[in-house]
Amino acid sequence: MAPPSYSDLGKQARDIFSKGYNFGLWKLDLKTKTSSGIEFNTAGHSNQESGKVFGSLETKYKVKDYGLTLTEKWNTDNTLFTEVAVQDQLLEGLKLSLEGNFAPQSGNKSGKFKVAYGHENVKADSDVNIDLKGPLINASAVLGYQGWLAGYQTAFDTQQSKLTANNFALGYSTKDFVLHTAVNDGQEFSGSIFQRTSDKLDVGVQLSWASGTSNTKFAIGAKYQLDDDASVRAKVNNASQVGLGYQQKLRDGITLTLSTLVDGKNFNAGGHKIGVGLELEA
């Protein structure tokens, strides 16, 4: 099995702090699949403070015989997204994709060509935006050996002929434990730990610090599986923000998520946030 992509390093810990929370939103997600294999994903949310409503519709069709995936997406900002991807055809583990964005109102359009390759001990990703003035080239690679992971990520701006990103990561991963550390541009330092202490309890810790400042961010979170259909989540950071979440599978294909964010430093001042999410799948 190939190592994860650079962007997925430390994902297990990040999911502890991001999944299952919809602070300040009324959220609805709908997923369905036709008999012909076309997948439809519809998502929408309403911001409780601004009242702004955002929605999107995504369709995905896979031609398994040719390793081809066609994806189209539209959102209420009137932006169209299209992606054509081919995997494991020219070479086992190689994925080629071409994606484009188009905004009819403004006429803005962009495109990107992406290449990804995964092998037993290496995962490499690269993408180039389609810009005749000079593309931006992003590249990353992760090497894995007996649970140890080492990654490098860079970006090169051909217009200015200089590197715009220079990031390193080092980690260790097992089935129940993941350690991740990273240095971005030699100025931002971060680390995370994920631990599955039992079949029901997952715990995560995040720490980050930027040179030139005295601000250090620290957070700890946990997810506990009450039973096969219900789970609770909790997280707290050094800014005294406490997040709580509850997720309940009401029946097959219907999941309800309730969450709240409490500002511990200004508890009596109000301003706390709640979130409600409903996921439907058929």
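The structure displayed is predicted, hence computed values, not measured ones. What's counted below: heavy atoms across the whole structure, side chains too, no hydrogens, waters or symmetry copies.
- Val86 and Leu91 fall into different hydrophobic clusters, where Ile, Leu, Val, Met, Phe, Trp and Tyr residues are linked whenever their side-chain heavy atoms come under 4.5 Å apart, directly or through other members.
- Between Asn138 and the choices Thr164, Val128, Asp127, the side chain to side chain contact (heavy atoms under 4.5 Å, CB included) rule is met once, by Asp127.
- Counting only N and O atoms by type, the side chains of Ser7 and Ser5 include no donor and acceptor under 3.5 Å apart.
- Between Lys223 and Asp202 there is no salt bridge, since none of the side-chain N atoms of the basic residue sits less than 4.0 Å from a carboxylate O of the acidic one.
- With hydrogens and angles ignored, the 3.5 Å screen pairs no side-chain donor or acceptor of Asn129 with any backbone N or O of Asp131.
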Can you give me every donor-acceptor pair (side chain of residues 270-282, partner residue at least two apart or in another chain, under 3.5 Å) with its distance?
unit_1, atom_1, unit_2, atom_2, d
His272, ND1, Asp263, N, 3.1
His272, NE2, Phe267, O, 2.9

side-chain contact (heavy atoms from CB on, under 4.5 Å) for Lys19 and Arg233? Distances and angles first, verdict last. CA-CA 9 Å; Lys19 288 190 175 182; Arg233 300 171 184 265; 4.2 Å; yes

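- Formation of a donor-acceptor pair under 3.5 Å by the Asn75 side chain with backbone atoms of Asp77 is found in this model.
- Cation-pi contact between Lys235 and Tyr21: present, with separation from the ring centre below 6.0 Å and deviation from the ring axis of at most 45°.
- Qualifying salt bridge (Lys or Arg N to Asp or Glu O under 4.0 Å) partners for Asp252, counting only residues two or more places apart in sequence or in other chains: Lys249.
- Nearest heavy atom pair, residue Phe23 against residue Gly243, reads CZ-CA, 4.0 Å.
- When atom types are taken as modelled, the side chain of Thr158 and the backbone of Pro135 share a donor-acceptor pair closer than 3.5 angstrom.
- Side-chain contact check for Asn215 and Thr213: no donor-acceptor pair (N or O, by modelled atom type) lies under 3.5 Å.
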